[in-house]
Protein chains: 2
Amino acid sequence: MKTVYERADIVPLLAEIFRELGYEGATLSRITERTGIGKGSLYHFFPGGKEEMAGAVLADIDGWFEEAVYRPLRNDDARQAIAAMWLNVADYFRSGGRICLVGAFALDGTRERFSAAIGDYFIRWIEALRSALMRAECAEREAQTLAEEGVCGIQGALVLSRALKDEAVFTRSLETLAKRLEAATR
Amino acid sequence: MKTVYERADIVPLLAEIFRELGYEGATLSRITERTGIGKGSLYHFFPGGKEEMAGAVLADIDGWFEEAVYRPLRNDDARQAIAAMWLNVADYFRSGGRICLVGAFALDGTRERFSAAIGDYFIRWIEALRSALMRAECAEREAQTLAEEGVCGIQGALVLSRALKDEAVFTRSLETLAKRLEAATR
DNA sequence: TTATCAGTTTACTGATCGGTACAAGATTTC
DNA sequence: GAAATCTTGTACCGATCAGTAAACTGATAA
């Protein structure tokens with residue numbers, strides 16, 4: 001008996017492992033152990049090894065955010081898209097129970113390896129949010145500050161709720177942020 | 001010829017290495033390589049190995065914050081202590097060029113190893129800031145929210161400025177936070 | 001049936017991991 | 001200056017690291 005995978009099935013499994021253990025902590029043996037996928041299969045799909053695996057995970061995350069968050073922020077009704085962002089983000093990060101892999105990679109030596117992808121992710125998020133804020137009748141300077149503050153606050157909330165093992169901190173922080181941005185678009 | 005160290009000299013060197021590489025990324029060989037301190041000396045001062053080294057670093061960080069930030073927030077003139085906090089924090093984190101090791105540890109599997117120290121660090125920071133805010137004539141509920149928001153914002157600013165390799169983001173975020181807290185104590 | 005081929009399994013490699021043992025050098029104590 | 005104590009350098013340990021090689025499996029298709 002043998003189980004057959006395809007690349008698209010493996011990426012989300014890898015994502016969860018990198019999230020829990022970090023790039024350096026996610027050893028090949030821990031990956032095979034947790035996924036049940038042998039080294040042979042992993043290197044078949046990701047000949048570049050661990051670095052290619054993490055790269056695929058980052059690309060997958062980027063794709064999800066582009067579709068579910070950035071694009072609506074850029075194109076849809078501004079206030080509605082911002083409201084949807086808070087819901088999607090709270091859902092995606094499981095109310096703080098799940099971390100942002102891109103943010104985690106930014107903090108240690110892994111940043112050097114993926115600096116382009118990491119920078120892109122945040123720049124595009126901030127830019128998309130700024131665009132939505134401006135369409136919602138927010139002054140240009142204020143929109144930039146608020147966009148940065150929003151993304152910044154989400155990252156901080158993830159660190160804090162993880163450190164305190166308290167999802168309420170995350171939920172509360174997001175609510176405060178949402179109110180502040182909403183107030184600026186009235 | 002041989003160089004002689006003592007524990008207190010080694011801890012800051014270790015801190016910088018853990019900051020740059022993370023717990024898993026900081027291997028014994030990289031530590032000896034960067035510090036020039038041999039394994040023999042390292043295990044002489046830290047018989048518990050890498051875990052004891054990281055523990056000592058966390059204790060050192062905690063001590064610095066207790067003295068330079070928490071204590072003034074709890075005991076000194078409230079508004080003055082808060083103003084001093086922003087300056088000390090900007091200085092300590094080198095305007096975003098240096099990360100918060102406690103926050104970084106909170107994000108990956110290292111959290112499990114040091115969860116007590118990590119939780120303590122943030123709880124005491126928030127509590128001290130809340131105490132200062134309340135002495136500065138801030139409503140009880142608002143003080144709690146603002147204290148969380150302040151610490152949360154600092155952590156987020158570190159992630160963001162690191163990801164974007166842009167210290168200006170850090171400086172700007174801190175200014176925005178400082179203004180918001182100041183406004184609530186008028 | 002047979003050839004092909006994506007995907008899996010297993011066994012293996014050399015390098016590096018965290019950690020130990022211990023002798024030699026340096027410092028303090030008397 | 002000798003003894004005792006602290007500190008360091010070196011060699012080493014078994015375990016695990018990322019990565020490779022190749023035989024094997026099962027499905028597809030001629």
Side-chain angles (χ1 to χ4, degrees), chain A residues 1-58 60 101 104-105 108-114, chain B residues 1-60 101 104-105 108-114 117:
Chain A
M1 174 118 151
K2 110 179 170 182
T3 328
V4 178
Y5 297 90
E6 47 185 286
R7 221 183 114 114
D9 298 328
I10 299 178
V11 172
L13 299 176
L14 292 175
E16 233 45 50
I17 293 169
F18 281 121
R19 256 186 254 273
E20 281 181 45
L21 306 173
Y23 184 79
E24 298 286 349
T27 66
L28 267 293
S29 61
R30 277 202 262 244
I31 293 173
T32 64
E33 180 190 313
R34 295 206 187 194
T35 60
I37 305 168
K39 270 194 213 183
S41 306
L42 288 170
Y43 275 90
H44 174 70
F45 290 114
F46 309 95
K50 205 164 79 152
E51 182 151 359
E52 188 176 343
M53 296 178 207
V57 168
L58 287 178
D60 189 58
L101 190 62
F105 277 6
D108 63 31
T110 314
R111 182 183 67 156
E112 265 64 58
R113 235 181 258 265
F114 303 106
Chain B
M1 170 116 154
K2 127 176 166 179
T3 328
V4 178
Y5 298 91
E6 48 184 283
R7 221 181 114 114
D9 299 327
I10 299 178
V11 172
L13 299 176
L14 292 175
E16 234 45 51
I17 294 169
F18 280 120
R19 256 186 253 271
E20 281 179 45
L21 306 173
Y23 184 78
E24 298 287 349
T27 65
L28 266 294
S29 60
R30 277 202 262 245
I31 293 173
T32 62
E33 181 190 313
R34 295 207 187 192
T35 59
I37 304 168
K39 271 196 212 182
S41 307
L42 251 18
Y43 275 88
H44 173 70
F45 290 113
F46 307 97
K50 205 164 78 152
E51 182 152 359
E52 188 176 340
M53 296 177 209
V57 168
L58 287 177
D60 189 58
L101 189 63
F105 277 6
D108 64 29
T110 314
R111 183 184 64 156
E112 265 65 57
R113 233 182 260 266
F114 302 106

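By convention in this document, chain letters (A, B, ...) are assigned in the order of the sequence lines, proteins followed by strands, and residues within each chain are numbered from 1. Predicted model only: the values in this text are computed from it and were never measured.
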Item to check | Between dC12(D) (P) and Tyr43(B) (OH): distance, integer Å | outcome: 19 Å
Item to check | Among dG19(C), dT8(D), dG7(C), the one nearest Phe45(B) by side-chain distance | outcome: dT8(D)
Next on the checklist: Distance check needed: dC6(D) P versus Phe46(B) CZ, whole Å only.
Outcome noted: 17 Å
Checklist entry - Quick one: are Leu42(A) and Tyr5(A) in side-chain contact, heavy atoms under 4.5 Å? => result no
Checklist entry - Think His44(B) has a side-chain N or O under 4.0 angstrom from the OP1 or OP2 of dT7(D)? => result yes
Item to check | Residues from residues 6-35 of chain B lying under 4.0 Å of DNA chain D - heavy atoms | outcome: none
Checklist outcome for this item: To the nearest angstrom, the CG-P distance between Leu42(A) and dG19(D) comes to 11 Å
Item to check | Side-chain donor/acceptor contact of Lys39(B) with base of dG9(D) under 3.5 Å | outcome: no
Checklist entry - What residues, two or more places apart in sequence or in another chain, satisfy ring pair (Phe, Tyr, Trp, His ring centres under 6.0 Å) together with Phe114(A)? => result Tyr23(A), Phe105(A)
Next on the checklist: Whether Arg34(A) and Glu20(A) form a salt bridge (side-chain N of Lys/Arg under 4.0 Å from carboxylate O of Asp/Glu) is what I want to check.
Outcome noted: yes
Checklist entry - Base, sugar-phosphate alone, or nothing: which one does Gly49(B) contact when heavy atoms must sit under 4.0 Å apart? => result sugar-phosphate
Checklist entry - Closest heavy-atom contact between Val57(B) and Val11(B)? => result CG2-O, 3.8 Å
Checklist entry - Nearest of dT20(C), dT20(D), dT8(C) to any side-chain atom of Ser41(A)? => result dT8(C)
Checklist entry - In terms of side-chain heavy atoms of Lys50(A), which of dT7(D), dG18(C), dA18(D) is nearest? => result dA18(D)
Item to check | Pair Glu16(B) + Arg19(B), salt bridge at N-O below 4.0 Å | outcome: yes
Checklist entry - Can you name the nearest heavy-atom pair linking Tyr43(B) to Gly49(B), along with the distance? => result CE2-CA, 3.4 Å
Next on the checklist: Please classify the nucleic acid contact of Tyr5(B) as base, sugar-phosphate, or nothing, using heavy-atom distances under 4.0 Å.
Outcome noted: sugar-phosphate
